[in-house]
**Student:** 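The structure's right below; bear with me while I get my questions together.
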Amino acid sequence: MNIIVACMFSFFVLPVMPWWFIAITGTIVGFSSKGIFSSFFSGFLCGAIPWSTILIYKYLSGADILIGRVSGMLGMEGLIGALLATIVIGGLTAGMGALCSYLFKNAFKDQLTKA
């Protein structure tokens, strides 16, 4: 459920924020995760799904020349190359943000629960 909420939040916020804001979205997901693997996987999905959806939307709305040139600079040609790069970069950025926030929560669990 938190993946869906974070993805919807990302769809509305990411077009007006810098690219690294996806790590903050992953951080929000990581605080509510139950384990290390689930925190990274949830963060990865919350980074990859919105970025790839926005990329496909931009591609279909007329930015295909720009996307082709940027993917050529990365050494990958066409939409598939740009999509792979987008999934990896967005997913790893948000996944690492989620993992860091989960580990932060566990490290300071005693201090966060005491009143």
**Student:** Just how far is it from atom SG of C46 to atom CD1 of I22, taken to the nearest 0.5 Å?
**Tutor:**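 With rounding to 0.5 Å, SG (C46) is 7.5 Å from CD1 (I22).
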**Student:** Tell me, with the steps shown, if F31 and T27 meet side-chain contact (heavy atoms from CB on, under 4.5 Å).
**Tutor:** CA-CA 6 Å; F31 274 122; T27 302; 3.8 Å; yes
**Student:** Measure the spacing between CH2 of W51 and OG1 of T25 and express it to the nearest 0.5 Å.
**Tutor:**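 Going from the CH2 atom of W51 to the OG1 atom of T25 covers 10.5 Å.
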**Student:** Working to the nearest 0.5 Å, report the span between OG of S10 and CZ of F21.
**Tutor:**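 The OG atom of S10 sits 8.0 Å away from the CZ atom of F21.
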**Student:** For residues L14 and P50, report the shortest heavy-atom separation together with the two atoms involved.
**Tutor:**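 Shortest heavy-atom contact: CD1-CB, 4.1 Å.
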**Student:** Taking the side chain as everything from C-beta on, heavy atoms only, tell me whether T93 gets closer than 4.5 Å to W20.
**Tutor:**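 T93 does not reach W20 side chain to side chain.
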**Student:** Report yes if the side chains of Y59 and L83 come closer than 4.5 Å at any heavy-atom pair, otherwise no.
**Tutor:**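 Y59 vs L83: side chains apart.
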**Student:** Which residue, V29, I87, L99, I49, forms the side-chain contact (heavy atoms from CB on, under 4.5 Å) with F44?
**Tutor:**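 It is I87; the other options fail the test.
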**Student:** With rounding to the nearest 0.5 Å, note down the distance linking CD1 in I54 to OG1 in T86.
**Tutor:**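 Between atom CD1 of I54 and atom OG1 of T86 there are 10.0 Å.
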**Student:** For N106 and I36, what are the C-alpha separation, side-chain angles and deciding distance, and is it a side-chain contact (heavy atoms from CB on, under 4.5 Å)?
**Tutor:** CA-CA 10 Å; N106 278 351; I36 290 177; 5.6 Å; no
**Student:** Could you check whether any side-chain heavy atom of M96 comes within less than 4.5 Å of a side-chain heavy atom of F40, counting everything from C-beta outward?
**Tutor:**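 Yes. Closest side-chain heavy atoms under 4.5 Å.
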**Student:** State whether the side chain of S42 and the backbone N or O of S39 hold a donor-acceptor pair below 3.5 Å, judged by distance alone.
**Tutor:**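 Looks like no, no N/O pair under 3.5 Å.
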**Student:** State plainly whether one hydrophobic cluster holds both M17 and I89, where clusters connect Ile, Leu, Val, Met, Phe, Trp and Tyr through side-chain heavy atoms under 4.5 angstrom apart.
**Tutor:**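 Same cluster: M17 reaches I89 through Ile, Leu, Val, Met, Phe, Trp or Tyr contacts under 4.5 Å.
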**Student:** Establish whether V16 and Y57 are linked, either directly or via other cluster members, by ILVMFWY side-chain heavy-atom contacts under 4.5 Å.
**Tutor:**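 Different clusters: V16 never reaches Y57 through Ile, Leu, Val, Met, Phe, Trp or Tyr contacts under 4.5 Å.
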**Student:** Could you check whether any side-chain N or O of K105 sits under 3.5 Å from a backbone N or O of C100, counting only pairs where one atom can act as donor and the other as acceptor?
**Tutor:**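 Side chain of K105 to backbone of C100: no pair is present.
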**Student:** In terms of relative ring orientation, are F41 and F37 parallel, tilted or perpendicular, with 30° and 60° separating the classes?
**Tutor:**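 It falls in the parallel class, under 30°.
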**Student:** Say you draw a straight line from OG of S38 to CG of L45; how long is it, rounded to the nearest 0.5 Å?
**Tutor:**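 S38 atom OG to L45 atom CG measures 11.0 Å (nearest 0.5 Å).
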**Student:** Do you reckon I56 sits in the same ILVMFWY cluster as I80, going by side-chain contacts under 4.5 Å, direct or chained?
**Tutor:**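 I56 does not cluster with I80.
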**Student:** Using every non-hydrogen atom in the two residues, find where G26 and S101 come nearest and quote the distance to one decimal.
**Tutor:**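 For G26 versus S101, the nearest heavy atoms are O-OG, 4.2 Å.
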**Student:** More than 12 foreign heavy atoms under 6.0 Å from CZ of F11: is that the case here?
**Tutor:**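 Counting other residues, nucleotides and ligands, CZ of F11 exceeds 12 neighbours.
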